[in-house]
Amino acid sequence: MNFQAIDLFTLLPELVVLITACAVLIADLYLPEARKDVNQLISFAGLGVAIAVVGIVGFAWGPTPTHAFGEAFVRDPMSDLLKGVVLVVTALAFAYSARYMRERSLWVGEFHVLMLFALLGILIMISANGFLVMYLGLELLALCLYALVAFNRDSSTGAEAAMKYFVLGALGSGMLLYGISMLYGATGALGFAAVAEAVATQGMENRILVFGLVFVIIGVAFKFGAVPFHMWIPDVYQGAPTPVALFLSSAPKVAAFAMAVRILVDGLPGLASEWSEILVMLSVLSLAIGNVVAIAQSNIKRMLGYSTISHVGFIFLGLLAGTPDGYAAAMFYAVVYALMSAGAFGVLVMISHQGFEAENLDDLKGLGERDAWLAAMMTLVMFSMAGVPPLVGFMAKLLVLQAVIDIGLVWLAIVAVTFSIVGAFYYLRVVKMIYFDKPELDAAVDGARDARIAVSVNGLSMLVLGMFPATLLALCEAAFTG
Amino acid sequence: MLPQFPWLSLVIWLPIIGGLAVIANGDKNAELTKRMALAVAVATFVASLPLWLLFEPGTAAMQFVERGQWIPAISVEYYLGVDGISMPLILLTTFVTIFVIIAGWEVITYRPSYYMGAFLIMTGIMVGVFSALDAILFYFFWEAMLIPMFIIIGVWGGPNRVYATIKFFLYTFFGSVFMLVALIYMYFQADSFSIPDFHGLQLGMTAQVLIFLAFLIAFAVKVPMFPVHTWLPDAHVEAPTGGSVILAAIMLKIGGYGFLRFSLPVTPDASASLDWLIIALSLIAVVYIGFVALVQDDMKKLIAYSSIAHMGFVTLGFFVVFSIVRHTGSADGAAMGIAGGMVQMISHGFISGALFLCVGVLYDRMHSRKIADYGGVINTMPWFGAFMVFFAMANAGLPGTSGFVGEFMVILASFRADFWYALLAATTLILAAAFTLWMVKRVVFGPVGNAQVAVLKDLDRRETLNLGALAVATLAIGLWPKPLVDVMEPSIQHLVDHIQVSKLPERAAIRVQAVPQAVGEPANLAQLLPRTD
């Protein structure tokens, strides 16, 4: 495993994020309380450079995959797109959170450092080409998230949520590791390509392989929050500070998608008939429980938590199709979901203010009168989540349904659309609160410029991507045809 | 050169962009905003006129076609075009929008820019529905329509608006998602999303029946047909006047249009074997809903039920075709049913729109829609009384008005199919006369009902203009329907020819050959049912 200079280019985005995180860590030591905004500037600069690097690297190498550290690390069209999206979402998260965190005396360097390390974990997961590197990235991400959920140390719900998340997360990681060890035992390899080869020669004969697969899928399902491994999602979303919930609900889902594709599609294609059956069950359960239980929520963060679960069901629908179109559809859905979720939580962050957490549905009442633009953006996000054209959520659902019908599972498509009708109800209820009810609060809404730009970009992207989805879709397709 | 100009795109996007501009302009200068909205509406109508003036009447081919890539990866195209069926509906849409804008001029005081903008955006989207020839583009517009309507009813509606608007949204959303699954299924059969390709698609009987049912749910909710009609009275009662007008005049027509564009040509065999279902539901709508309308004490609800009954006529006209062929062995007269349905749709657009405007006129003055709160309005509002009586007569199908033409054609066509169909359908002439005229009697005539009615002011200039223009349109089609029928004729004839040909390979053209000797025997129906082998 010789180290070569070209490896550095392959992992340039990761390096940029790592350097940024270290820079914030050091700068923070010397910054007085009043000037913590510098951390934000450094982070933005680092994310900007990283986005540019992803673009340049992606453009320079195009569809040919490049590897680093032997075969342990891979850069391909899929990783380029997903990294770009994750970086953008993280930048949005920073932009949304400034005022919220400052008002709660949480505007400290650690916030940026933890977020950036979590981001680094995500980037590593996206590019992992073997079980070990995948696990490394996953744990880096998870540890940062545990700390972030408990970031407001005075909040008992935050501490409780972090504890739950930690215990269940450790269990999930344990399952994953157990599965990996079985697969290693059966195939003698950790790299995805080598595992795939070994599986192809052994086939289903080896029972250990199938057992290993089940445990690995449990690990993946846990990270996604698919039913029945979803228990942590609503509690963690509710307990975490809203900006953390924003991040938690968007970027790691993209990472989970990458993890699923790398492990199942790259590593275990030989077992596709096995895992797609498992995914059918997971997705039907997620669609059903996510959508139905969301109706009963009065806390909007919990509601969005259950909504996440239902969207995960849709992502799995694309994956289980087992065709390049299906993978592309699932990828499109994951990307779009990250943007939608960031937008929804972003609006919640913006309407929270000193000593007040916007987390109940009633807090959105009359938003249309309090701040017309913010209300319009939230409406776009909600209709997008409900899957109503011309918003991008519709395109995402269309692609996934198409992939499912293509392989002849029309009944599954009918199940999915039926539950999306159920889902439409609670998204509509949010719009109803915004426009049809009179405001209960007349507090000013966040006027910070960063957050306003972020929410506008986020909301309008729903419309623009919905009307012109061709480019993003072509990028997703390219990831699976190369 | 002129037909190459993208007229359809202009008519779709002009009101949408104009509507956004109106919203952006805000409410600071409300008068300017309203003028702007009216200008956009009139410009849209003017821009839609070339569709009629440059239309070649002699052909069933799609005209004003625009075709370009939209999402190449799944071969979805930006594919627009109109034929004789969709063109009149587009003109109806742009025409009615003008009056909706005018009707909201003084009444809407809460955020008029949003109100007008939402209606303009609606107009563009509805024109999109009528002109889309790509199934996904069609669905895109079809669903997008829900968002502005949801907001219009929810923000400017009556006291129970939230219930009504959520019910409206979920009903229609429920209806359409199954259509989406059907469309995607057909994409994999036809390898294209283009609607003309769907028309030529060969499908087995099971697939046809399932697709037919998926379409039926979608369109039946929109039309609305019994028993999924219950959202309509709620939505109408709670919607602001403009919302009711758009709902009744245009959105209901979209369901009828869907039957002609999708159900009949895509699944002719399923339509033929399940036509009894549609005919039964249509007749129930005509008779039962007619009686329900009779007992309403709310004017808007009454007109809403009357709309359902009239739309029952439309679906009856569309689906009576197969009975005619079975009964007489030829398709002569089949076109008349469809043409009658189409005329009925256009005419109902004018009449129901005008009736809702009439109720709006009263509501703006008295803030009540209860029939009991009125009486003897004609004493204080003679002009209004004249218009109201005229439109009520038209609603009851008085000869000379457009309401008569469509109903007469449909009844005539149903006579060829089955005497009993015609008999039941014809009860509408009595029922419609009963419920509309009884309402008019209680509201307009008689001694002045109460002190509030005594001080009512007659129509102002704007209201007169609105009702006058619609009255002219109603009379024009009633007295001289030929231009309208001529425009539709080739497209409808083409449709009738198309659905004569079975898509099932083993029994091509059986419906024309297997002329029954003993007419109307169930045995004929059995011949058309799917073979189980």
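All values below come from the heavy atoms of this structure, side chains included, with hydrogens, waters and symmetry mates left out. On a predicted model such as this, the values are computed, not experimentally measured, just so you know.
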Could you have a look at A:C476, A:P389, A:A470 and say which one has the most heavy-atom pairs with chain B under 4.5 angstrom?
-> A:P389
What part of A:L473 lies closer than 4.5 angstrom to a heavy atom of chain B: side chain, backbone, both or neither?
-> side chain
Give, as side chain, backbone, both or neither, the part of A:L398 having an atom under 4.5 angstrom from any heavy atom of chain B.
-> both
Chain A contact via B:S176 - side chain, backbone, both or neither, heavy atoms under 4.5 Å = neither
So, B:E66 side chain and B:S9 main chain: donor-acceptor pair closer than 3.5 Å or not?
-> yes
pair B:I16-B:L120: side-chain heavy atoms closer than 4.5 Å = no
Side chain, backbone, both or neither of B:W156 within contact of chain A (heavy atoms, under 4.5 Å) | neither
Under 4.5 Å heavy-atom distance to chain A, tell me which part of B:Y171 shows up: side chain, backbone, both or neither.
-> neither
Identify which part of B:Y114 has an atom lying under 4.5 Å from any heavy atom of chain A, answering side chain, backbone, both or neither.
-> side chain
State whether a side-chain donor-acceptor pair under 3.5 Å links B:N25 with B:T33.
-> yes
Select, from B:A144, B:A73, B:G154, the one with the greatest count of heavy-atom pairs under 4.5 Å involving chain A.
-> B:G154
With a 4.5 angstrom heavy-atom cut-off, which part of B:I136 approaches chain A: side chain, backbone, both or neither?
-> side chain
Non-hydrogen side-chain atoms of A:K397 and A:H311 separated by less than 4.5 Å = yes
For each of A:F425, A:F468, A:F383, tally heavy-atom pairs with chain B at distances under 4.5 Å, and name the one with the top tally.
-> A:F383
